[in-house]
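Working notes, beginning with the structure itself.
For the numbers below, each heavy atom of this structure counts, side chains included, while hydrogens, waters and symmetry mates do not.
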Amino acid sequence: MIKTRTEIKNFKIWMICLTLFFWALLIATPFLGLLDDSLLYSMFPFLNFGLVIEGTIAGNELPQFVKENFSFGVSLLCVMLAIALIVLLVYLIVKCILASQRSKAKKVLRKTGYSAEYFALLEKKKKHLRGSYLEAVNDLCLAKEYSDGRRYDTALELLRNVDIDKFKVRDAAHYYALYAYIFILTGNLENAGFAIDLGVPFAEKIKDSSEMDFVSALLLYAQKDYEGAENSFKPLLRSRNNEIRVWAGMYLGLIFLRQHKNENARKTVVALSKFKKTPRQSEDILKLLKKIETAYALEEEERKEEASSEEESSEE
């Protein structure tokens, strides 16, 4: 689901602009003759503080205008503060509503996994954002969730229909990386390479290109170039993107298993335990741990068979 801070960002800007507009309007009304202290206090008597100011500033007598309107100015300042608090309250309410929607989706995901109930919530959000400036970004997030839920056909359909002209550079890089990732997992390596070629120029323009680096390494793995894949995955273990770091570690673990380096595989996977993982990654790590366990068991069987053969040879 789209992040709350992304969805609330535009609303936050509008709230700030609205506050500044009301402040400017309130400040202008006394000069336009539309508001004075008598009118303000007749509407809001509690704002009449009756404040008086006297004295000098840097040896200069305070202007008469300031003395006469000091209490009125403080009252206007209180009204401005009240406007800001009301706008802030509205902003926080909307933010809480959006955050609760995201929180509900997370709870459903934890309880039921990538279920129909979970995707129903995401589709509801998609319907709500249809036609908005966030539609394209939300569809990209939704495609990622469908991909993690192994619903690759649905994810690809979303990616084909998304309006990429509305993407920022970072979103475009993520779009092509996700396209390549799904193509690799579905065995379409030719189109995966094509998607990577299209995405590289966008990835080069952003600070963190780890997603594109990961799918490039994954393509090497799918092409059975395990040495090239290993060399490409290893730098990603230092990535600031935890999700990419975990995926890189998992595929390195698989490569180590192919090389019969069971201890290296175990250490690599154990090191991933300190990182936050997506539900999909948690599922796949359990599968990888079972593979490592099986590899150790086979290694032990081979060791026993060799020991038994040596004993038989010595008896003869």
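The neighbour count for K95 NZ, taken as heavy atoms of other residues, nucleotides or ligands under 6.0 Å away, does not exceed 12. Crowding of R150 atom CZ: a count of heavy atoms from other residues, nucleotides or ligands under 6.0 Å exceeding 12. For K277, the NZ atom sits in a packed shell: over 12 heavy atoms of surrounding residues, nucleotides or ligands are nearer than 6.0 Å. Heavy-atom contacts from other residues, nucleotides or ligands closer than 6.0 Å to CZ of F21 number 12 or fewer. Around OH of Y133, the count of heavy atoms belonging to other residues, nucleotides or ligands within 6.0 Å exceeds 12. Applying the 6.0 Å contact sphere to CZ of F194 captures no more than 12 heavy atoms from other residues, nucleotides or ligands. Within a 6.0 Å sphere centred on CD of E300, other residues, nucleotides and ligands contribute more than 12 heavy atoms.
The aromatic rings of F233 and F214 lie tilted to each other, with the angle between the two planes from 30° to 60°. By the 30° and 60° cut-offs, the orientation of the rings of Y41 relative to F72 is perpendicular. Note: Y118 and Y114 have perpendicular aromatic rings, judged against thresholds of 30 and 60 degrees for the angle between ring planes. Note on ring orientation: taking the six-membered ring where Trp is involved, the planes of Y146 and F119 are parallel (angle under 30°, cut-offs 30° and 60°).
Note: L25 CG to I83 CD1 = 8.5 Å, rounded to the nearest 0.5 Å. In this structure, L272 CG and M250 CE are separated by 7.5 Å, a value rounded to the nearest 0.5 Å. Note that CD of E211 and NE2 of H174 are 5.0 Å apart. Values are rounded to the nearest 0.5 Å.
Partner of D139 under the salt bridge (charged side-chain N to carboxylate O under 4.0 Å, His left out) criterion, chosen from K126, K127, K125: K126.
The two atoms that bring A265 and G253 nearest to each other are CB-O, 3.6 Å, heavy atoms only. Looking at every heavy atom in both residues, P201 comes nearest to D197 through CD-O, 3.3 Å.
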Quiz prompt | Test side-chain hydrogen bond (donor to acceptor under 3.5 Å, both in side chains) applied to Y296 and E301, step by step | solution = CA-CA 9 Å; Y296 270 111; E301 284 183 17; over 6 Å; no
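Remark: side-chain polar atoms of E157 are not paired, donor with acceptor, to backbone N or O of D153 under 3.5 angstrom.
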